[in-house]
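On a predicted model such as this, the values are computed, not experimentally measured, just so you know.
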Amino acid sequence: MIAGELVEAAERLLGSKTKNGRLGAAALRAALVNLYEFWLGKGAAAAGVDTDHPGVALVAVGGLGREELVPYSDLDLVLVHTGESRDRGVNQIADALWYPLWDARVGLDHSVRTTSEALAVARKDLRTQLGLLDARYIAGDADLAASLATAAREQWQRTARKRIGELADSVRERWRRTGEIGQSAEPDLKYGGGGLRDLGLLDALSAAQLVDRPGDELHRARALLLDVRTELRLELRRDRDVLAAPQADKIAATLGFDDRFTLARELAGAGRAVRYAVDVALRANADTPKRFGLRAARKPLDEGVVLHGNEVALAKGALPAKDPALLLRVASSAARTGKPITYAALRTLADSAPELRTPWPAEARQELTALLGAGEGLVDAVEALDNTGLWARLFPEWGAVRDLPPREPVHRWTVDRHLVQACVEASALTTTVSRPDLLVLGALLHDIGKGRGTDHSELGAAITAEVARRIGFGDDDVDVLTEMVRHHLLLPHTALRRDISEPETVQRVVSTLGENPVLLELLHALAKADALATGPGVWSEWRAGLLRELVARCKEVMRGGPLVTEEPLDDRQRLLAETAKSSGRTEVLVTSEGNVATIAIAAPPGGDLLAPAAGALALQSLEVHQASLHVHAGVRVGLFSASPRFGRPPDPALLREKLARAVSAPDALGEQLASKERDYGDQPQQAEPRVLWFDEETVGADTVLLELRATDRIGLLYRVADALRSCDAEIRWARVATLGVSCVDSFALRPKGGRSDVEWRKGVEQAVLAAARGPVSGG
């Protein structure tokens, strides 16, 4: 076999067109299977695997064995032989098969075994056992291949029930490691919970006659997952199974969906159906510990709720139809103990639990608070209720966000999972607020207005008011919950994008909140829970510090005390300026707290400060969070707060040297930043940059606030600051908020001469947008 010809033929097939366009995903997989079978058959014959000489057979497992081969997949092959065939050189046959494939860089997972050896390995290794269930004849002794497949299946049928515990542990560890398709913004189509690996597991359990064969819903899920996986690999031209937003748009169009959000929602529904089926199968076949033939112990958990073995069940005599709060007691018991609810209990509740009347009884409201504040166990409890329609019975509004993919790339989860995760994070903060019941419900509902094409905070506030009244909260509590949802972004947006040292900024927040200290503390806790539930890296020491400072200032105003305006420079920074004045050189002071560095730069008059400092910090892989410019003793002083993009901060002495050199001789920064961007492969523009103006959010004549929303890049702040300098715009302060691959940069500006009229703003806006779009230029 000339394996290179196989690779060339596969590449031609992957790029082939028909009169109606490219082959569809399913047709392409079938064509790949036929191609590989044909070439492997030729190669096996050339290597000495001959149907006229029994004792050796080439068998495919994995994707080729299942006839689900997707582009750029490895081949999983077994050369099975009888013991006698060793005398006829089975190892030489194997070398003649494997080496041409290796030489052609075809991914290959291979083994050479007798039937008994293969079965012995399968008894010890669960992955091998499951793989042999897909064994399919390719070439050689067909009877030998059939005997291996039959023996593997019979061995699995004998041992499957005993291995359910091992299987369940490995599956749940994989789910923990990779996440779930039904809840992930970037799902792993193969290994994620509810993915193709789980469908293979259901096939295996069906082969052992432990579950029924998958029905139509699971067949549709398999087809969708396979089609998306096929198109993803074609798009990337490599073996990747995690679906990210940049590829999802094109794949959605290819498969006939309106957009990537529609595709994501279909994938989430498919993943949830598969995961639910696997969970049911594993728990239905799990061994329940028994002693002396007695049934599993039943331990009371709550009124009408017991722990039966390792599952939460209904107590004998429990009457869901006459007990409105029973559903919530079952769910809160499951969340509190971390134990799953039996499917018998879920079915009984789904069939007979009544819809709660408006307003809910006090007991039901209390149980809801207990459920939402239970911590990590809430995720599985809500998922169980959601899969059986019980969660929608409690919250009919949930359907609009169920499986809803996020629009912002910084989000890790679908919107519904994000809301549940926010409750989990809020549960750890309940002792920091005076109304923990409002905190956890506000966390559950803060994004309930998403996905409707309007301001989700305003719509969410209206929905929250209806939900809160239905649950039975009084008018004052309804007002607080409504304002929580309406203003859940107020504190982080103000802290990250505005100068919180300005009294006017603080007063705006206080006035917006109606001077309500309870609402302030709830929003502070919600801001942290929201950030922690968004994704890794969103919550940071720097963000926490800004929020604490803003909240402290707001509390002081609410208490009626004067808002103390701090001196912009401390004693060390003023001394730094005086040293720079006497020496005539740029002086730098670096202090650190945790992973956040505060950098003070004092430079003699003349030239620019912000752009070269931002460029030098970017070259040291430091991300600027805020910057302000001041004058002391006739010397310009810049204050910067920054933290590493990754790793540890650079050595302070080295950083001082780099900053001083950049401010004194900034000409080379542009070219150096362009080179760094190329080296680190900064992502191309994913969204058109946008500039917004705010006239009444700064202090000072002709001072306005410009807010830039753009895709983040290493040299962005340098380019924008340089563009503002070229427009004779004086920068008083800057705030830089990075949100995944996007950023929101705010600048308090005023013209160095003249007024901030329409023409001046137009020129500034054009320059800033050009800087945000374009690459760093040299010089």
Side-chain angles (χ1 to χ4, degrees), residues 495-496 499-501 540-546 549 566-581 583 585-605 607-633 635-666 668-669 672-673 676 712 714-722 724-725 731-738 743 745-748:
L496 299 175
D499 186 357
I500 61 177
S501 67
S540 64
E541 294 177 17
W542 169 75
R543 187 183 186 118
L546 284 179
E549 183 179 349
E566 297 179 358
E567 286 291 326
L569 303 177
D570 62 24
D571 292 340
R572 288 192 300 173
Q573 292 160 354
R574 288 194 291 272
L575 179 60
L576 188 76
E578 293 161 5
T579 303
K581 181 177 181 180
S583 68
R585 298 190 305 268
T586 299
E587 301 287 344
V588 180
L589 175 67
V590 179
T591 56
S592 297
E593 183 176 344
N595 221 29
V596 179
T598 300
I599 301 116
I601 306 173
D608 191 23
L609 180 58
L610 178 58
L617 291 169
L619 286 172
Q620 298 303 308
S621 297
L622 287 169
E623 186 173 85
V624 177
H625 304 301
Q626 61 185 34
S628 57
L629 303 177
H630 312 275
V631 175
H632 178 74
V635 173
R636 296 169 302 141
V637 181
L639 300 181
F640 300 84
S641 174
S643 61
R645 284 176 174 262
F646 43 79
R648 299 178 61 83
D651 177 71
L654 175 64
L655 184 57
R656 285 194 296 269
E657 177 191 341
K658 297 288 187 182
L659 284 165
R661 184 183 304 167
V663 173
S664 302
L669 283 172
Q672 292 172 357
L673 279 167
K676 189 176 181 73
D712 188 36
I714 287 174
L716 179 62
L717 182 58
Y718 165 81
R719 290 196 299 276
V720 173
D722 196 48
L724 291 171
R725 177 194 57 77
I731 304 171
R732 293 185 54 226
W733 54 260
R735 292 286 186 275
V736 180
T738 303
C743 66
D745 295 354
S746 305
F747 302 87

> V588 pairs by side chain to side chain contact (heavy atoms under 4.5 Å, CB included) with which of L659, V663, L655?
Replying inline: L659
> Closest heavy-atom contact between A577 and V637?
Replying inline: CB-CG2, 3.7 Å
> Among E578, Q573, K581, which one satisfies side chain to side chain contact (heavy atoms under 4.5 Å, CB included) with H632?
Replying inline: E578
> Can F640 and L622 be said to form a side-chain contact (heavy atoms from CB on, under 4.5 Å), step by step?
Replying inline: CA-CA 11 Å; F640 300 84; L622 287 169; over 6 Å; no
> Would a 4.5 Å heavy-atom cut-off, applied to side chains only, mark L576 and I601 as touching?
Replying inline: no
> What heavy-atom pair brings L673 and A618 nearest, and what distance separates the two atoms?
Replying inline: CD2-CB, 3.7 Å
> Taking all non-hydrogen atoms of both residues, which atom of I500 and which atom of L546 are closest, and how far apart?
Replying inline: CD1-O, 3.7 Å
> What's the verdict on side-chain contact (heavy atoms from CB on, under 4.5 Å) for L654 and Q620, showing C-alpha distance, side-chain angles and the deciding distance?
Replying inline: CA-CA 10 Å; L654 175 64; Q620 298 303 308; 4.2 Å; yes
>> Do T591 and R572 have side chains that approach each other closer than 4.5 Å (heavy atoms only, starting at C-beta)?
In response: yes
>> Checking V736 against E623 for the side-chain contact (heavy atoms from CB on, under 4.5 Å) test, could you report, in this order, the C-alpha distance in whole Å, the side-chain angles of both residues, the deciding distance, and whether it holds?
In response: CA-CA 9 Å; V736 180; E623 186 173 85; 5.6 Å; no
> Hey, are D722 and R719 close enough for a salt bridge, meaning a charged N less than 4.0 Å from a carboxylate O?
Replying inline: no
> Do you know which two heavy atoms are closest between L669 and A616, and how far apart they sit?
Replying inline: CD2-N, 4.1 Å
>> Applying side-chain contact (heavy atoms from CB on, under 4.5 Å) to W542 and S641, what does each step give before you reach the verdict?
In response: CA-CA 9 Å; W542 169 75; S641 174; 3.4 Å; yes
>> Among D745, D499, V624, exactly one meets side chain to side chain contact (heavy atoms under 4.5 Å, CB included) together with R735. Which residue is that?
In response: D499
> What pair of heavy atoms forms the shortest contact from A611 to Y718, and how long is it?
Replying inline: O-CD1, 3.0 Å
> Can you name the closest pair of heavy atoms from D608 and P612 and give their distance?
Replying inline: O-CG, 3.5 Å
> Is a donor on one side and an acceptor on the other found under 3.5 Å between the side chain of R636 and the backbone of P604?
Replying inline: yes
> Side-chain contact, heavy-atom cut-off 4.5 Å: L619 with K658?
Replying inline: no
> If you round to the nearest 0.5 Å, how far is OG1 of T586 from CZ of R661?
Replying inline: 12.5 Å
